[in-house]
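Shown next, in structure tokens, is the structure this report addresses.
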Amino acid sequence: MSSIDRYAVFGQPISHSKSPRIHQLFAEQTGQCLHYSALEVPAEQFTDAVTSFFANGGKGLNCTVPLKELAWAYAGLKTERAQRAKAVNTLALQEDGSILGDNTDGIGLVTDLIGNHAINLSGRRILILGAGGASRGIISPLLAEAPESIVIANRTIAKAQQLVGEFSEQGKLSACGFNELNTQSFDLIINATSSSLTDDLPPLAKDLLANQGSCYDLAYSNKATVFVRWGLEHNALKSVDGLGMLVEQAAEAFYIWRGVRPITAPIIDLLNTERH
Ligand code: ATR
């Protein structure tokens with residue numbers, strides 16, 4: 001049997017995933033020997049697929065849409081940030097055979113915003129569009145950066161209100177529908193809806209972005225997403241997609257698994273050149 005350590009990302013769909021490429025680049029950069037693959041796993045096969053992966057020598061997994069809540073339920077041990085997010089994107093085999101669940105999405109976003117794009121969060125008014133799983137994972141890490149406030153706007157207001165109920169003790173948080181945003185403006189608007197995937201956009205008032213404000217789309221695409229384009233058309237200081245967050249959350253997972261932190265900037269640069 002091969003002694004090379006095996007890792008993988010599970011999700012559905014998964015064929016477009018950049019994670020195998022990113023982890024291969026990390027491994028080369030840090031001189032680590034490992035193999036990382038992408039596997040299409042439907043939700044109903046998740047538990048069997050994970051159990052079999054670890055039983056056959058797998059060391060760590062990433063889980064993406066629609067499996068993060070299932071991964072949260074699967075993990076015997078959870079980090080505090082995973083516990084709060086109620087979603088897990090990283091599973092790691094521990095020495096005693098137990099499986100640790102972590103969520104590196106939020107730290108990946110914050111590192112990309114502050115470290116790579118110099119978009120500061122402290123004292124800023126932040127708007128999150130969407131109240132699904134992607135929003136859940138980022139609220140707590142964003143609040144930890146002491147913004148003035150975070151508003152969560154969603155098509156289904158009850159889902160935004162539910163998140164406010166869960167996280168409001170950590171900072172100033174409120175919920176509303178898109179049509180209630182007309183009189184407000186924000187320093188940072190984060191698109192956490194899945195609408196970019198269908199080239200769609202929630203209805204956004206033209207003055208929603210404050211002067212010198214920035215836009216960030218959690219989704220990424222080879223071409224500018226419809227939300228990134230909206231930001232550029234509305235004079236955003238920066239309007240960027242989630243490629244950097246993808247690399248940063250992967251770096252955090254790599255560190256959890258291997259104890260070595262890759263240098264992300266050259267990898268992000270390389271992936272950026274590859275998509276044009
Ligand atoms: P994810 O895990 O990616 O967040 P999700 O849990 O299915 O996926 O959530 C998708 C989010 O995108 C939700 O906030 C959804 O709004 P609803 O809660 O009202 O369904 C939002 N969304 C998806 N398509 C949208 C669209 N075309 N316009 C506005 N919001 C949209």
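Being a predicted model, the structure only gives us computed values, none of them experimental. Atoms within a ligand are numbered from 1 in the order they appear, just like the ligands themselves.
With 3.5 Å as the limit, one finds a donor-acceptor pair spanning the side chains of Asp112 and His117.
Here Glu166 does not pair with Arg84 in a salt bridge; the nearest charged N to carboxylate O distance is not below 4.0 Å. A salt bridge links Glu252 to Arg81: at least one charged side-chain nitrogen sits closer than 4.0 Å to a carboxylate oxygen.
You'll find the side chain of Leu129 stays beyond 4.5 Å of the side chain of Leu201, heavy atoms only. In this structure, the side chains of Phe46 and Gln12 stay at 4.5 Å or more apart for every pair of heavy atoms. Looking only at side-chain heavy atoms (C-beta outward), Ile150 and Leu143 come within less than 4.5 Å of each other.
When only non-hydrogen protein atoms are considered, atom 28 (N) of ligand 1 lies nearest to Arg155 NH1, 3.7 Å. Counting only heavy atoms of the protein, atom 27 (N) of ligand 1 lies nearest to Asp200 OD2, 3.4 Å. Nearest to atom 30 (N) of ligand 1 among the protein's heavy atoms is Thr193 CG2, 3.9 Å.
Taking distance alone, with nitrogen or oxygen atoms compared against 3.5 Å, Gly133 approaches ligand 1 more closely than that limit.
In Thr156, the parts holding a heavy atom less than 4.0 Å from any atom of ligand 1 are both the side chain and the backbone. Only the side chain of Asn154 comes within 4.0 Å of ligand 1, judged by heavy-atom distances. Contact annotation for Lys159 and ligand 1: only side-chain heavy atoms (C-beta onward) come within less than 4.0 Å of the ligand.
In this structure, Lys59 fails the cation-pi test against Trp257, since its NZ or CZ atom is not both closer than 6.0 Å to the six-membered ring centre and inside 45 degrees of the ring normal.
Taking all heavy atoms of Ala87, Pro203, Ala134 into account, the minimum distance to atom 4 (O) of ligand 1 is reached by Ala134. Nearest to atom 12 (O) of ligand 1 by heavy-atom distance, out of Ser194, Ala158, Gly130, Gly132, is Ser194.
Counting protein heavy atoms under 4.0 angstrom from atom 7 (O) of ligand 1 gives zero.
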